[in-house]
Amino acid sequence: YEFGFKPEVTGFDYWLYAFNYLKKNKSKHSKMENLYNEIAEVFKVKPKNVERCMRHCSEPVKQYLQERYKITAKMTNSKILYIIGREFLI
């Protein structure tokens, strides 16, 4: 919860899956589209719904990371996964 993820929304479970995937596959780089497809298959939803739910869930996280790391660029799900993964999982 330190980052501001909203655990009460559907996207939270998708983020957990994505972080666990990254942790297990440290050396394996995967495009977000492939990850969305895998999450969609596991949770039996459409990939575009996965992306939207993850984006909605991470709104507070974007602000937190932009302030903490002085990021001015647009924050995407991919950037969030990379920053948090690099700092705390890998």
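Everything quoted here is computed from the prediction, not taken from an experiment.
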Is there side-chain contact between I80 and F5, with heavy atoms separated by less than 4.5 Å?
-> yes
Between V50 and Y36, the two heavy atoms sitting closest are CG1-CD2, 3.7 Å
Does the side chain of E38 come under 3.5 Å of the side chain of Y17 through a donor N or O and an acceptor N or O?
-> yes
Here the gap from F3 atom CZ to L65 atom CG, rounded to the nearest 0.5 Å, amounts to 7.0 Å
Between atom CG of L16 and atom CD1 of I39, what is the distance when rounded to the nearest 0.5 Å?
-> 10.0 Å
Under 3.5 Å donor-acceptor, K79 side chain and K74 backbone | yes
Mark yes when over 12 heavy atoms from residues, nucleotides or ligands other than E33 sit less than 6.0 Å from its CD; otherwise mark no.
-> no
Considering non-hydrogen atoms only, spot the tightest contact between G85 and L22 and give its length.
-> CA-CD2, 3.5 Å
Close side-chain approach of S58 and N77, heavy atoms under 4.5 Å | yes
Determine whether M75 and I83 make a side-chain contact, defined as any pair of heavy atoms from C-beta on separated by less than 4.5 Å.
-> yes
With a cut-off of 6.0 Å (strictly less than), are more than 12 heavy atoms of other residues, nucleotides or ligands near CD of Q66?
-> yes
Donor-acceptor under 3.5 Å (W15 side chain, M54 main chain) | yes
Start with the C-alpha gap between Y64 and R68, add the side-chain angles, then the distance that decides, and say whether side-chain contact (heavy atoms from CB on, under 4.5 Å) holds.
-> CA-CA 6 Å; Y64 172 82; R68 180 174 178 171; 2.9 Å; yes
Are E51 and K48 within salt-bridge range, i.e. N to O under 4.0 Å?
-> no
Under a 4.5 Å side-chain heavy-atom rule over Ile, Leu, Val, Met, Phe, Trp and Tyr, are F43 and V9 clustered together?
-> no
Please examine the side chains of V45 and T10, heavy atoms only from C-beta on, and report whether any two atoms are closer than 4.5 Å.
-> no
In one Ile/Leu/Val/Met/Phe/Trp/Tyr side-chain cluster, 4.5 Å: F12, V61 = yes
Identify the heavy atoms of A40 and P47 that sit nearest to each other, and give their distance.
-> CB-N, 3.6 Å
